[in-house]
Amino acid sequence: MSKVNKIAVLTSGGDAPGMNPCIRAVVRTGIYFGLQVVGVKQGYQGLINNNMYDMNERSVSNILHLGGTILKTARCMEFKEESGLEKAYKNLKNRDVDGLIVIGGDGTFTGAERFSRIYDIPVIGIPGTIDNDLYGSDFTLGFDTATNTVVEALDKIRDTADAHDRLFFIEVMGRDSGCIALRAGIAGGAEAILLPEKETAIEELIENLKSGSNKKTSSIVIVAEGDKNGGAYDIAKKVKEHVPSYDVKVTILGHLQRGGSPSSFDRVLGSRLGYAAVRALINGETRKMVGLKGNTIQLAELDEAISHHEFKLEQDLLDMVDILSI
Ligand code: ATP
């Protein structure tokens with residue numbers, strides 16, 4: 001097992017609250033254990049463009065509470081090409097970097113896995129995506145904060161829905177994953193939750209909305225953007241056609257779900273995962289993801305984290321939705 005001396009850290013894919021606490025943990029843990037730490041700007045683009053800088057303990061002062069990522073992030077097509085991978089390798093080698101930590105989602109891990117199979121630089125992945133769609137970690141960085149943001153918005157919209165006796169359709173992020181929709185829907189008391197993982201017929205939705213034992217005058221329906229019925233506008237239109245008496249409104253929460261100060265959960269998770277990733281590199285691990293399982297930090301194979309898309313939605317939460325909204 002060769003000793004690691006100098007590590008690089010980058011954030012890639014969509015930004016997620018908790019990335020900054022995680023970068024801070026990587027930098028300070030690395031320095032504590034005698035490593036040099038290089039920060040890479042703009043994800044894989046920075047590896048290719050040689051956009052990197054030496055970091056010290058103070059490089060990560062006062063960032064714990066900030067959303068986004070001080071290292072910036074990017075989606076980099078060139079890293080998918082062999083020539084891009086080679087440029088990245090040469091730039092890392094020229095700086096004597098002998099370990100890489102990538103914080104991102106499944107695309108980021110796909111790139112990292114491929115890179116470290118071709119070149120001799122060990123790589124550890126940290127799950128950083130608001131979608132919570134990676135196998136090997138119960139939670140990903142940013143998911144908790146994004147869910148809290150959605151719940152805060154729901155609470156506000158509920159005031160208006162109630163005041164005007166309206167039916168609101170609220171679209172939340174999640175192209176392939178209904179994790180945000182499900183948790184926010186339960187926490188915000190949604191009447192129904194439409195998810196990419198579970199098909200819901202419009203007729204069934206209308207039946208649910210009508211079936212309350214004491215008829216409700218206002219309701220909130222959460223729609224994950226990847227739901228098979230189309231977006232919230234399409235669904236609202238179809239419902240209005242079936243029940244013209246409903247006063248229907250639509251809100252798309254969009255990018256406000258990504259940013260904002262990380263919750264205490266995401267700060268602690270980011271700190272734990274950053275610390276664990278550095279220790280994994282020191283212990284000679286490569287092509288692994290550090291994740292939270294139960295309440296312990298565990299390592300998973302990077303290729304399993306991306307290929308094994310288990311159904312992550314908790315069955316008890318799914319079962320509860322209709323019952324708690326009667
Ligand atoms: P999020 O879940 O927030 O979208 P992500 O990590 O899945 O995060 P992507 O845009 O899918 O975000 O991937 C991030 C970057 O990873 C890409 O811009 C690209 O540079 C790299 N990447 C993705 N797929 C591959 C691949 N097959 N080979 C090499 N690099 C890849």
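Throughout, numbering of the chain's residues begins at 1 and tracks the sequence. Numbering of ligands and ligand atoms starts at 1, following listing order.
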Option from T145, T140, N148 for which side-chain hydrogen bond (donor to acceptor under 3.5 Å, both in side chains) with D266 holds: T145

Return yes or no for this condition: an N or O of G104 is under 3.5 Å from an N or O of ligand 1. no

Check against salt bridge (Lys or Arg N to Asp or Glu O under 4.0 Å), D138 and K293: CA-CA 6 Å; D138 295 341; K293 276 289 196 187; 3.6 Å; yes

What class does the angle between the rings of Y89 and Y119 fall in, given that below 30° is parallel, 30 to 60° is tilted and above 60° is perpendicular? parallel

Counting only nitrogen or oxygen atoms and a 3.5 angstrom limit, does T129 reach ligand 1? yes

Looking only at side-chain N and O atoms, does S263 offer a donor or acceptor that is under 3.5 Å from a partner on D144? yes

Please evaluate residues D176 and D133 with respect to the criterion side chain to side chain contact (heavy atoms under 4.5 Å, CB included), reporting the C-alpha separation (whole Å), side-chain torsions for both, the decisive distance (0.1 Å), and the verdict. CA-CA 8 Å; D176 303 308; D133 59 352; 5.5 Å; no

Looking only at distances, can you tell me whether any N or O atom of M77, backbone or side chain, sits closer than 3.5 Å to an N or O atom of ligand 1? no

For ligand 1, find out whether one of its N or O atoms is nearer than 3.5 Å to an N or O atom of R175. no

Could you tell me which atoms of ligand 1, counted from 1 in the order shown, lie closer than 4.0 angstrom to a heavy atom of R75? 4 (O), 9 (P), 10 (O), 12 (O), 18 (O)

Ranking S177, A88, C76 by closest non-hydrogen atom to atom 17 (C) of ligand 1, top hit is C76

Considering only protein heavy atoms, which is closest to atom 30 (N) of ligand 1, and at what distance to one decimal place? G111 CA, 3.3 Å

For ligand 1, note which part of E78 has a heavy atom under 4.0 Å away: side chain, backbone, both or neither. neither

Atoms in ligand 1 flagged as close to R114, the criterion being non-hydrogen separation under 4.0 Å: 28 (N), 29 (C)

Nearest option to atom 6 (O) of ligand 1, as decided by whichever heavy atom of D176, T110, T108 sits closest: T108

Please work out, at 4.0 Å between heavy atoms, whether the side chain, the backbone, both, or neither of Y44 comes within that distance of ligand 1. side chain

Let me know which of K288, R287, R117, R114 forms a salt bridge (charged side-chain N to carboxylate O under 4.0 Å, His left out) with D303. R117

Using a strict threshold of under 4.0 Å (side-chain N to carboxylate O), is an ion pair present between K6 and D96? no

When the ring planes of F265 and F139 are compared, do they come out parallel, tilted or perpendicular, using 30° and 60° as the limits? perpendicular

Please write down residue, atom name and distance for the protein heavy atom closest to atom 15 (C) of ligand 1. S12 OG, 3.6 Å

Minimum-distance protein heavy atom relative to atom 22 (N) of ligand 1: G107 O, 3.2 Å

Enumerated ligand 1 atoms positioned under 4.0 Å from heavy atoms of G14: 1 (P), 3 (O), 8 (O)

With distance as the sole test, does S325 use its side chain to make a donor-acceptor pair with the main-chain N or O of G189 at under 3.5 Å? no

